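Since the model is a prediction, treat every value here as computed from it, not as a measurement. Just so you know, ligand 1 is whichever comes first in the structure, and atom 1 is the first atom listed for that ligand. Computed from heavy atoms alone, side chains included, the values below leave out hydrogens, waters and symmetry copies.
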Amino acid sequence: METKQLFLNEGQREGSLKAAAEILKNGGTVAVPTETVYGLAASALSDTAVAKIFAAKGRPQDNPLIVHISDVKMLTDVAKDIPDVAFRLAEKFWPGPLTLVLPKGDKVCDSVSAGLDTVAVRCPKNETALDLIKISGLPLAAPSANLSGSPSPTKAAHVVADLNGKIDAVLMGEDCAVGVESTVITLVTNPPRLLRPGAVTAEQLREFLPDLVIDSAVLKELKSGEQAASPGMKYKHYAPKKQVFLVEGESRAFCDYVNGQENAVALCFEDEADEITIEKLVYGKSDSAETLAKNLFTALRKIDELDAETAYVHAPEKTGVGLAVYNRLIRAAAFKVISL
Ligand code: TXA
Ligand code: MG
C-alpha cells in the first residue's frame, strides 16, 4: 500500500488532520506525533482497525495497546469502575506522559487489550495528537510506531524508515519532546504498581500513591515461566541489531574501559566525550536525564548505521527520569551489564 505523508505546515495542517481523521473513521492506520514517541493509531472501537496495527508492526498478539483520549471526560467511555485517585492523577499529569491501567470499558474492542479485562489509557500532550482524537471523534489505540522490537520512533523519519508501505498515512510532525514512552501504572492491583517508568517519575507518583511498588520486571529480566504484569515487558525491546553492553561506573572508569576496546562505539555523556578516543555518540548530559531520554532512541538507531560491532553505553542514574532511560537501555543490552 502507499503510505501518504501528511504535512503540518501552516496552510497544510487543517487538510492533513482532516484526511487523517477520515482514514481513522474508515478503519485505517495513521502514525501521529505525541510528546513521548510517535504512535501508530487506529480506532480503539474496531477489531478490524486494531488488527492492522498488529500486522503493520509485527507485534505479538498478546501485547495490549494504549488507548489515547483528548480529555478526562472521555475516560468513562473507555474504562469503568474508575477509582478516585485516577481522576486526581489525571488532573495533575494529563495531558502528559502517564498511562493508567484500569478495568476495561465495554465499548473498547477486545483486541486492544489483547483479551485482558483491563485497558491502558492516556491523554497525550501534543496538539496534533489531541486534534486528531477530537476531529476523528474516536478514542485511538496507539502503540509506538516502530517495527516491533526496534527502537521507538522519536522523529517522523524513523516512522517512515520502519513502516513506509505498511500503514495508510504518517502525520509528519516535529521531533518528540520527551523521547521515551509514557510511564505506565496499574491501578487494578493493590498496591498499585509501576509497570514501565517514563517522564512522570515514581517520586512524583508517590505523592498520590504512597504505596506504589515498582514492578520487578522494570530493572530485571523475567525468569522463564514468570508471568509479566505488563505483557510488553517480556519482549526484547528497543534493541539495535548490534551487540550492546550497558556499563555502570564513574566517568573516568568508563572512559578508560571503552578506550581499551576495539571495533566498538561508546554511547556517552557530553561531559566525558573529550576523554574518549574510540568512535563515540553523545546522548545527553550526565546531570540531565531529560536530555538522555530525548536523544536515546535516535542514538540507538545510529548505532546500527556504524561499522563498529559492539556498543558500550554509559548507564545513567536510576532515579527520576533516569530510571526510564535505564529501563530502555537494559533491554537494548538484553540485560548484559558491566559494573566497573
Ligand atoms: O508514550 C507512549 O506510551 C506511546 C505513545 C504512542 O503514546 N505508546 C507506547 O505504546 O509506548 P506501546 O504499545 O509501545 O507500549 C504499551 C505498553 C506495553 O508495554 C504494554 O504491554 C502495556 O503498555 N500495556 C498496555 N495495555 C496494558 C494492560 N491492559 N495491562 C498492562 N499493561 C498494558
Ligand atoms: Mg513500543
### Message
Show the atoms of ligand 1 that are less than 4.0 angstrom away from any heavy atom in His68.
### Response
5 (C), 6 (C), 7 (O)
### Query
For ligand 1, is Lys104 a contact, meaning one of its heavy atoms is under 4.0 Å away?
no
Please report, to 0.1 Å, the donor-acceptor pairs under 3.5 Å made by any side chain of residues 70-82, with sequence neighbours excluded.
from  : atom 1 : to     : atom 2 : distance (Å)
Asp71 : OD1    : Lys73  : N      : 2.8
Thr76 : OG1    : Lys73  : O      : 3.3
Lys80 : NZ     : Asp106 : OD1    : 3.2

### Task
Could you tell me which atoms of ligand 1, counted from 1 in the order shown, lie closer than 4.0 angstrom to a heavy atom of Thr36?
1 (O), 2 (C), 4 (C), 5 (C)
### ligand 1-proximal atoms of Thr118, by part, heavy-atom distance under 4.0 Å
both
#### Entry: Working for side-chain hydrogen bond (donor to acceptor under 3.5 Å, both in side chains), residues Arg196 and Thr99
CA-CA 9 Å; Arg196 182 177 72 183; Thr99 296; 5.1 Å; no
### Task
Output all residues satisfying side chain to side chain donor-acceptor pair (under 3.5 Å) with Tyr283, sequence neighbours left out; order by chain, then residue number.
none
### Query
side-chain hydrogen bond (donor to acceptor under 3.5 Å, both in side chains) between Glu174 and Asn126: does it pass, once the steps are laid out?
CA-CA 10 Å; Glu174 68 278 25; Asn126 174 289; 3.1 Å; yes
### ligand 1 atoms in contact with Leu65 (distance to a heavy atom under 4.0 Å)
25 (C), 26 (N)
### Query
Heavy atom of Ala142 under 4.0 Å from ligand 1?
yes
#### Entry: the Mg ion (ligand 2) to nearest N/O/S of Ser144 less than 2.8 Å
yes
### Task
Report, in ascending order of atom number, the atoms of ligand 1 lying under 4.0 Å from any heavy atom of Arg122.
1 (O), 2 (C), 3 (O), 5 (C), 7 (O)
### Message
Classify the ring geometry of Tyr312 against Phe245: parallel below 30°, tilted from 30° to 60°, perpendicular beyond 60°.
### Response
parallel
### Heavy-atom proximity to atom 13 (O) of ligand 1, best of Arg59, Arg196, Glu35, Arg193
Arg59
### Query
What class does the angle between the rings of Phe254 and His314 fall in, given that below 30° is parallel, 30 to 60° is tilted and above 60° is perpendicular?
parallel
### Message
Using a 4.0 Å cutoff against the non-hydrogen atoms of Ile66, which atoms of ligand 1 qualify?
### Response
3 (O), 8 (N), 9 (C), 10 (O), 16 (C)
### Query
Considering only heavy atoms of Asn63, which atoms of ligand 1 have at least one such atom less than 4.0 Å away?
18 (C), 20 (C), 21 (O)
### Task
Taking atom CD of Glu250 as the centre, report whether more than 12 heavy atoms of other residues, nucleotides or ligands fall under 6.0 Å from it.
no
### Query
Under 4.0 Å from any heavy atom of Gly39, which atoms of ligand 1 are there?
6 (C)
### Query
Taking N or O atoms only and a 3.5 Å limit, does Thr99 qualify as a polar contact for ligand 1?
no
#### Entry: Heavy atoms from other residues, nucleotides or ligands near NZ of Lys280 exceed 12 (cutoff 6.0 Å)
yes
### Query
Would Glu181 and Arg328 pass as an ion pair if we require N to O under 4.0 Å?
yes
### Query
Of Ala141, Pro153, Ala217, Ser144, which has the heavy atom at the shortest distance from atom 9 (C) of ligand 1?
Ser144
